[in-house]
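Got a structure for you, questions after.
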Amino acid sequence: SGVDKGSVQPGQLIAIDGQRCVVEGEGRASAETAVHIAIVDRLKAGCVLHTHSLAATVLSRCYCDAGSIPLEGWEMLKGIKGVSAHDTTISLGVVANNQNMQDLVQSLETHFREPIYGVLVAGHGLYAWGETIEEAKRHVEIFEFLLSAHWMYQQMSAALKPAA
């Protein structure tokens, strides 16, 4: 917590145990540590990363009631573990934000059943994971690209529709 996530260095990373205690490194764990631990425990992830990009934050609010954002037809989908073709559709889950971390974790549970490697918290951001920090980072980069592309495509499609 309190570290510029855009320029975090290896020496600034911390390792925590199941009770959220720092066991390696200097610093303190995020208030959202319970979400990270739940993903690690339930999905056997080796690393969980969390971002607050504009696209993830805005789109997650727009799609919160739907419960997911369909991402389809993008070549970059193949960057997600297990996806081998661009003509695939994945549903990136979205849950409502909650300041009670145990309630937030409970709402995320339904999205832990699908091997998508990411989930959005409405108005807050993206959680992405993988077996390694490199895989989790790749999933973050892919999801952030897909969310930006989806948003831009929606805007362009609306702008190019002929007037009635």
**Request:** Would you please classify the geometry between the W129 ring and the Y117 ring as parallel, tilted or perpendicular, with 30° and 60° separating the classes?
**Result:** tilted
**Complete:** Here the pair of heavy atoms bringing A34 nearest to R20 is CB-NH2, 3.7 Å
**Request:** Give the cluster check for V22 versus I37: same hydrophobic cluster or not, with ILVMFWY residues linked at side-chain heavy-atom distances below 4.5 Å.
**Result:**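 V22 and I37: one cluster.
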**Request:** Please tell me if the side chains of I16 and E24 come closer than 4.5 Å, counting only heavy atoms from C-beta onward.
**Result:** no
**Request:** Please confirm whether the backbone N or O of Q9 pairs with a side-chain atom of Q12, one donor and one acceptor, at under 3.5 Å?
**Result:** yes
**Request:** Over all heavy atoms of both residues, which pair between I69 and S60 is shortest? Give the atoms and the distance, please.
**Result:** CD1-N, 4.4 Å
**Item:** Note: E141-K137 ion pair, threshold 4.0 Å (strictly below)
**Value:** yes
**Message:** Name the residue from V94, L126, L108 that meets the side chain to side chain contact (heavy atoms under 4.5 Å, CB included) definition with V119.
**Reply:** L108
**Item:** Taking every non-hydrogen atom, the tightest pair across E26 and I14
**Value:** O-CG2, 3.3 Å
**Request:** Please lay out, stage by stage, how L104 and V121 fare under the test side chain to side chain contact (heavy atoms under 4.5 Å, CB included).
**Result:** CA-CA 9 Å; L104 181 58; V121 175; 4.1 Å; yes
**Item:** Euclidean distance, S157 OG relative to Q154 CD, rounded to 0.5 Å
**Value:** 8.0 Å
**Carboxylate-amine/guanidinium contact E131 K44, below 4.0 Å** =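 Looking at K44 together with E131, the answer is no, because their closest N to O distance does not fall below 4.0 Å.
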**Asked** Using the benzene-type ring in the case of Trp, are the ring centres of Y63 and H150 under 6.0 Å apart?
**Response**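 Y63 vs H150: aromatic centres under 6.0 Å.
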**Item:** W151 with F145, same ILVMFWY side-chain cluster at under 4.5 Å
**Value:** yes
**Message:** For the backbone of S30 and the side chain of T33, can you confirm whether one donor and one acceptor N or O come within less than 3.5 Å of each other?
**Reply:**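 Yes, T33 side chain to S30 backbone: donor-acceptor pair under 3.5 Å.
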**Prompt:** Can you name the nearest heavy-atom pair linking E135 to G130, along with the distance?
**Reply:** OE1-CA, 3.1 Å
**Message:** According to a hydrophobic-cluster definition based on side-chain heavy atoms being under 4.5 Å apart (Ile, Leu, Val, Met, Phe, Trp, Tyr only), do Y127 and L49 belong together?
**Reply:**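 Hydrophobic grouping puts Y127 apart from L49.
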**Request:** Report whether Y153 and L146 are members of the same hydrophobic cluster (ILVMFWY, side-chain heavy atoms less than 4.5 Å apart, transitive linking).
**Result:** yes
**Prompt:** Crowded around D65 CG? As in, over 12 foreign heavy atoms under 6.0 Å?
**Reply:** no
**Item:** Any donor-acceptor N/O pair, H139 side chain to K81 backbone, under 3.5 Å
**Value:** yes
**Request:** Could you tell me which non-hydrogen atom of A122 sits nearest to which non-hydrogen atom of A96, and how far apart they are?
**Result:** CB-CA, 4.2 Å
**Message:** Run R42 and V105 through side chain to side chain contact (heavy atoms under 4.5 Å, CB included) and show every step you take.
**Reply:** CA-CA 11 Å; R42 287 158 183 86; V105 166; 4.3 Å; yes
**Request:** Determine whether I90 and E72 make a side-chain contact, defined as any pair of heavy atoms from C-beta on separated by less than 4.5 Å.
**Result:**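 I90 vs E72: side chains apart.
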**G79 backbone acceptor or donor facing R138 side chain under 3.5 Å** = yes
**Message:** Tell me if a side-chain donor or acceptor on H124 pairs with a main-chain N or O of H52 at a distance below 3.5 Å.
**Reply:** no
**Message:** Please identify which of these residues, L54, L120, T51, T57, meets the side chain to side chain contact (heavy atoms under 4.5 Å, CB included) condition with L147.
**Reply:**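 Per the side chain to side chain contact (heavy atoms under 4.5 Å, CB included) rule, the option paired with L147 is L120, out of L54, L120, T51, T57.
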**Item:** Verdict with reasoning, L13 to I133, per side chain to side chain contact (heavy atoms under 4.5 Å, CB included)
**Value:** CA-CA 11 Å; L13 294 174; I133 192 168; 4.0 Å; yes
**Complete:** Taking every heavy atom of T88 against every heavy atom of L77, the minimum-distance pair comes out as O-CD1, 3.2 Å
**Message:** Rounded to the nearest 0.5 Å, what separates atom NE2 in H36 from atom NE2 in H50?
**Reply:**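 These two atoms lie 6.0 Å from each other.
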**Asked** Within a strict 4.5 Å, meaning less than it, do heavy atoms of the E144 and V140 side chains meet?
**Response** yes
**Message:** Looking at Q106, I'd like to know if its CD atom is crowded, meaning that more than 12 non-hydrogen atoms belonging to other residues, nucleotides or ligands lie closer than 6.0 Å.
**Reply:**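 Counting other residues, nucleotides and ligands, CD of Q106 stays at 12 neighbours or fewer.
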